[in-house]
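Since this is a predicted model, take the numbers as computed values, not measurements. All residue numbers in this chain count up from 1 along the given sequence.
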Amino acid sequence: PACAGNYNLKVRVSNFGINILDSVKLKWQIDTGSVDSLNLVATLDTLGGSGSFFIDTTLIGNNGLSLSASNAKRIKVWTERPNNIADTVNFNDTLDITLRSSLDGTYTVGGANADFSTLSAAIDAPENTGICGPTTIPINSGTYTGSFSVSDVQGLSANNRLTIDGQDSATTTLTASSGTTLLLGNLNHVTVKNLTIENTGNRSYAALHIGGGGEKDSIYTCHIIARNPSSTSRFQQPYGLVISGSTNSFFTANSDADDVYIHDNQFLDGYYSVYVRADFRTPLTNYELTDNTYGLENGYMANYFYNV
């Protein structure tokens, strides 16, 4: 992950043509700014030739490219006039990417002057950019409808936790009627707190699913609500919190989710309030469930632990 700051912009120019290159014009544009250009004079052999077919060059030096997490930069670089003649095969002549820095600090979502205008954008950001320091996403009060997922975030560690903070579970709600409301996929060192997370679907859906990973994750002061079950069928058993070994299944064993802290949450309805599926060969250890409350009207079990 690249932290917020100033960087040089370097590109690699490669020759995939059938003729050796001795020169080419490079052009680039940052966002909607002016187009800059550079005449690159260098010998580039053909792919498979005896010489080098690529060269690295600096377009912006002196750390002149500023990156931040909340302000993405669109960078477009392209070539023209190879060997000072028109290029008639130009399907691979342009690089067009959007860059932002990794997250490090506090980033708000929703409401006026927020760093991210939507919850989807804020939830997607760690997955897209990684984190390079302790990162907190406080969610402004409101009801956010849909299925939200954070998976495979680079840079997470004991020192660099990702915290999703609803600030007040009485006023901040994530809700969905199918699938999983909030999925944490293959993540360690994540905290979710002060949120109402509900799923109103009448099948085997989950309010919160930790699928893969989960080591040293913390869930506290949340309201986790599943639908009151209407059937004992395996396919119509709503879940509150699920911890399993797969993002796609509640029944795959998890061998990585040690040291999980589940504290001061209110679980309401569902067939299972907390469902943890582990591997008997590597049982999970150091699960701490403290001061949670449960309200099961027609549910089967508050806490179901398999090989923990």
Side-chain angles (χ1 to χ4, degrees), residues 1-104 116-118 120-133 149-157 160 183 185-187 212-213 246-248:
C3 297
N6 298 317
Y7 295 88
N8 296 331
L9 176 62
K10 297 181 179 181
V11 297
R12 172 167 291 186
V13 181
S14 301
N15 178 18
F16 292 105
I18 61 174
N19 297 311
I20 295 175
L21 287 181
D22 55 38
S23 65
V24 67
K25 181 182 286 291
L26 288 175
K27 290 188 175 182
W28 68 94
Q29 182 182 37
I30 309 298
D31 294 327
T32 58
S34 60
V35 175
D36 294 309
S37 63
L38 168 71
N39 289 317
L40 180 64
V41 178
T43 299
L44 297 181
D45 204 346
T46 57
L47 181 64
S50 59
S52 175
F53 72 97
F54 66 88
I55 188 171
D56 297 330
T57 188
T58 299
L59 301 183
I60 300 177
N62 299 316
N63 295 322
L65 178 65
S66 177
L67 294 179
S68 69
S70 57
N71 184 21
K73 298 247 188 237
R74 182 185 178 189
I75 300 172
K76 183 179 180 182
V77 183
W78 66 99
T79 60
E80 293 180 358
R81 306 290 298 176
N83 290 339
N84 201 30
I85 60 175
D87 188 355
T88 59
V89 182
N90 50 26
F91 69 92
N92 62 352
D93 291 350
T94 301
L95 173 68
D96 193 343
I97 60 173
T98 298
L99 294 179
R100 66 172 81 235
S101 72
S102 299
L103 302 183
D104 179 6
F116 296 100
S117 60
T118 67
S120 293
I123 292 293
D124 289 345
E127 185 174 333
N128 293 335
T129 68
I131 69 171
C132 61
S149 171
V150 189
S151 299
D152 302 301
V153 175
Q154 295 184 11
L156 288 169
S157 68
N160 294 346
L183 170 65
N186 305 308
L187 301 179
S246 169
T247 58
N248 299 315

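- For the atom pair CG (Leu187) and OG1 (Thr247), the distance works out to 10.5 Å, reported to the nearest 0.5 Å.
- The structure places CD of Gln29 at 12.5 Å from OG of Ser37, a figure rounded to the nearest 0.5 Å.
- Residues passing the side chain to side chain contact (heavy atoms under 4.5 Å, CB included) test with Ser117, sequence neighbours excluded: none.
- Taking each heavy atom of Ala125 and Phe116 in turn, the nearest pair found is CB-CZ, 3.7 Å.
- Evaluation of the side chain to side chain contact (heavy atoms under 4.5 Å, CB included) rule for Ser120 yields Thr118, Phe148 as partners, not counting sequence neighbours.
- Nearest heavy atoms, Ile55 versus Ala42: CD1-CB, 3.8 Å.
- For the pair Val35 and Trp78, the minimum side-chain heavy-atom distance is below 4.5 Å.
- Within the model, atoms CH2 of Trp28 and CG of Leu59 stand 4.5 Å from one another, a figure rounded to the nearest 0.5 Å.
- From Ile131, atom CD1 reaches atom OG of Ser157 across 7.0 Å, with rounding to the nearest 0.5 Å.
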Item to complete: Could you please spell out the steps behind the side-chain contact (heavy atoms from CB on, under 4.5 Å) verdict for Leu9 and Ile30?
Response: CA-CA 11 Å; Leu9 176 62; Ile30 309 298; 4.3 Å; yes
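- Look at Asp56 and Lys10 and you find no salt bridge, because none of the NZ, NE, NH1 or NH2 atoms lies under 4.0 Å from a carboxylate O.
- Within the 4.5 Å cutoff, no side-chain heavy atoms of Leu183 are placed close to those of Val150.
- Taking both residues in full, the closest heavy atoms of Ser101 and Ala69 are given as OG-N, 2.9 Å, listed atom of the first, atom of the second, then distance.
- A donor-acceptor contact shorter than 3.5 Å is absent between the side chain of Asp104 and the backbone of Ala4.
- One finds the CG atom of Asn92 at 8.0 Å from the CG atom of Asp87 (value rounded to the nearest 0.5 Å).
- The main-chain N or O of Leu44 is found under 3.5 Å from a side-chain atom of Asn15 such that the two form a donor-acceptor pair.
- Counted within 6.0 Å of CG on Asn62, heavy atoms from surrounding residues, nucleotides or ligands total 12 or fewer; the atom is thus considered open.
- Pairing each heavy atom of Ala72 with each of Arg100, the nearest pair is CB-NH2, 3.5 Å.
- With contacts defined as side-chain heavy-atom distances shorter than 4.5 Å, the pair Asn8/Leu65 does not qualify.
- Contact between Asp93 and Val89 at its shortest, heavy atoms only, is OD2-O, 3.6 Å.
- Other residues, nucleotides and ligands contribute over 12 non-hydrogen atoms within 6.0 Å of the CD1 atom of Ile85.
- The backbone N or O of Arg74 sits less than 3.5 Å from a side-chain atom of Asp31, completing a donor-acceptor pair.
- Judged by distance alone, the side chain of Glu127 and the main-chain N or O of Ser151 form a donor-acceptor pair under 3.5 Å.
- A heavy-atom distance below 4.5 Å is not found between the side chains of Asn186 and Val153.
- Between the Thr46 side chain and the Ile20 main chain, no donor and acceptor come within less than 3.5 Å of each other.
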Practice prompt. Begin from the C-alpha positions of Glu80 and Lys27 and carry the test side-chain contact (heavy atoms from CB on, under 4.5 Å) through to its verdict.
Written response: CA-CA 8 Å; Glu80 293 180 358; Lys27 290 188 175 182; 3.2 Å; yes
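- A side-chain donor-acceptor contact under 3.5 Å links Asp45 to the backbone of Ser50.
- A side-chain donor-acceptor contact under 3.5 Å links Ser52 to the backbone of Phe54.
- Ser149 and Asp124 get closest at one heavy-atom pair: O-OD1, 4.3 Å.
- We find the OG1-NZ distance between Thr94 and Lys76 to be 6.0 Å, quoted to the nearest 0.5 Å.
- A donor-acceptor pair is defined here as one N or O able to donate and one able to accept, closer than 3.5 Å; no such pair exists between the side chain of Asn160 and the backbone of Leu156.
- Applying the side chain to side chain contact (heavy atoms under 4.5 Å, CB included) rule to Leu99 yields the partners Leu67, Ile75, Ile97; only residues at least two apart in sequence or on another chain are considered.
- The shortest distance between side-chain heavy atoms of Val41 and Asp22 does not fall below 4.5 Å.
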